[in-house]
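Within every chain, numbering begins at 1; the chains are lettered A, B, ... in the order of the sequence lines, protein sequences first and strands thereafter. Values reported hereafter were calculated over all heavy atoms of this structure, with side chains retained and with hydrogens, waters and symmetry mates removed.
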Protein chains: 2
Amino acid sequence: MYQKKEIVNKLRSSGLRPTKQRVLIAKKLFDRDKTFHFTIETLDKKINKKGSEKISLATIYNTIEAFTNAGYLKAILTSKSKSYYDTNIKSHHHFYDEGTKELTDIDYSQIKLSKVPIPPKGKKIKNLEVVIRVQK
Amino acid sequence: MYQKKEIVNKLRSSGLRPTKQRVLIAKKLFDRDKTFHFTIETLDKKINKKGSEKISLATIYNTIEAFTNAGYLKAILTSKSKSYYDTNIKSHHHFYDEGTKELTDIDYSQIKLSKVPIPPKGKKIKNLEVVIRVQK
DNA sequence: TTTCAGTTTATAATAATTCTAAACTAGAAA
DNA sequence: TTTCTAGTTTAGAATTATTATAAACTGAAA
Ligand SMILES: [Mn+2]
Ligand SMILES: [Mn+2]
Ligand SMILES: [Zn+2]
Ligand SMILES: [Zn+2]
């Protein structure tokens, strides 16, 4: 899906130097079929597993921040004191499983609204996201 | 709105001893007209302002956790690594102002959905909340 | 090749939260 | 009432999440 060349171009186009670390992290994040919802902690574990070249935690933080600013990632709404990120940057919705604490994407077209409130005076709606809490 | 007696009963009914600290915090939180959206930090500032009796930060954390478990408060979805709470425990929606970073309640009846996805197999929908991001 | 701004890294600092254990207290029981 | 004690508060330590620092490293322009 994502060849190294593509990643390099993508990074360059955002003014980010395609360093070894950034390319490796981008590959882990974007070279996959399904959306990836993660925290720095889970990503760090995936990247720094035995036998693989190490990337410092500081670089992981820096890179995720850079990717988020560049629009490659999106911060997810949670009620935890830890940041969550999403590789699906399209406006979309989520199922949130209370038991497993896992998120699943819902395509934007899967939810239709027939009534939406008028925003406060002088303010415009930028986007609208739905979280559907589910349970066994 | 909330007399001391009512607060004491409410606490007792949840198996929480109506201590001086809990009653004072409950009064600050619930004796108001509009919903209060807050963090531990903002609440601490409100409680421990000059001239008032001090309540330790640990107690504020403990009390907010106890109130949340008792169902008096709800954790709010955010993308910040800091927990937010809401005195409005009804299922409801929010406007989130990107500029001021402030939340405003939207009554549940103000949003109507004409299409909702089927939850994953074996799971049931517990609730559905909408966040509408707004900007100047 | 050389050069150097941008980047990585280990580590320190800060911020948010949770833990600990000693002192205190609400309220049941004497 | 007074006594008793489990529940609670508290200061401070510990832990966790994140950001800052500053020295070493490197991608890529020239
Ligand atoms: Mn940073
Ligand atoms: Mn705790
Ligand atoms: Zn998603
Ligand atoms: Zn609210």
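When the side chain to side chain donor-acceptor pair (under 3.5 Å) test is applied to A/Tyr72, the partners found at least two apart in sequence or on another chain are A/Ser14. The salt bridge (Lys or Arg N to Asp or Glu O under 4.0 Å) test applied to B/Lys4 returns no partner, not counting sequence neighbours. Under the side chain to side chain donor-acceptor pair (under 3.5 Å) criterion, B/Lys45 pairs with B/Glu41, not counting sequence neighbours. A/Thr39 meets the side chain to side chain donor-acceptor pair (under 3.5 Å) test with A/Thr42; sequence neighbours excluded. A/Lys74 pairs by the salt bridge (Lys or Arg N to Asp or Glu O under 4.0 Å) definition with A/Glu129, not counting sequence neighbours. Partners of A/Glu98 by salt bridge (Lys or Arg N to Asp or Glu O under 4.0 Å), not counting sequence neighbours, listed by chain and number: A/Arg133, B/Lys126. Evaluation of the side chain to side chain donor-acceptor pair (under 3.5 Å) rule for A/Asp97 yields B/Lys123 as partners, not counting sequence neighbours.
As rounded to whole Å, 14 Å separates atom C1' of C/dG6 from atom CG of A/Leu11. In this structure, the CG atom of B/Leu24 is 17 Å from the C1' atom of C/dT25, given to the nearest Å. Between the CD atom of B/Glu65 and the P atom of C/dA16 there is a distance of 18 Å, rounded to whole Å. In this structure, A/Ile64 places its CD1 atom 15 Å from C1' of D/dA17, rounding to the nearest Å. Atom-to-atom, NZ of B/Lys82 to P of C/dT18 comes out at 14 Å; the value is rounded to the nearest Å. To the nearest angstrom, C1' of C/dT17 lies 15 Å from OH of B/Tyr84. What separates CG of A/Asn69 from P of C/dT7 is a distance of 12 Å, to the nearest Å.
Within residues 35-45 of chain A, no residue is approached by DNA chain C to less than 4.0 Å at the level of any non-hydrogen atom.
A sub-4.0 Å separation between OP1 or OP2 of C/dT17 and a side-chain N or O of B/Tyr61 is present. An OP1 or OP2 oxygen of D/dT16 is reached within less than 4.0 angstrom by no side-chain nitrogen or oxygen of A/Ser81.
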What does the list of N/O pairs under 3.5 Å between the protein and nucleotides 9-12 of chain C look like, with a distance for each?
unit_1 : atom_1 : unit_2  : atom_2 : d
C/dT9  : OP1    : A/Gln21 : NE2    : 3.2
C/dT9  : OP2    : A/Ser56 : N      : 3.2
C/dT9  : OP2    : A/Ser56 : OG     : 3.4
C/dT9  : OP2    : A/Thr59 : OG1    : 2.8

Give every pair of a protein N or O atom and an N or O atom of nucleotides 27-30 of chain D that lie under 3.5 Å apart, one pair per line with the distance.
unit_1 : atom_1 : unit_2  : atom_2 : d
D/dA28 : OP1    : A/Arg12 : NE     : 3.2
D/dA28 : OP1    : A/Arg12 : NH2    : 2.8
D/dA28 : OP2    : A/Arg12 : NH2    : 3.2

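A cation-pi arrangement is absent between A/Lys28 and A/Phe38 under the rule of less than 6.0 angstrom and at most 45 degrees off the ring axis.
Side-chain contact between A/Leu103 and A/Thr35: absent, with no pair of heavy atoms (C-beta onward) separated by less than 4.5 Å.
Hydrophobic cluster membership of B/Ile118, counting Ile, Leu, Val, Met, Phe, Trp and Tyr whose side-chain heavy atoms lie under 4.5 Å apart directly or via other members: none, as it forms a cluster of its own.
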If you look only at distance, which donor and acceptor atoms sit under 3.5 Å apart when one is on a side chain in residues 15-25 of chain A and the other is two or more places apart or in another chain?
unit_1  : atom_1 : unit_2  : atom_2 : d
A/Thr19 : OG1    : A/Arg22 : N      : 3.2
A/Lys20 : NZ     : A/Glu53 : OE1    : 3.4
A/Arg22 : NH1    : A/Arg17 : O      : 3.1

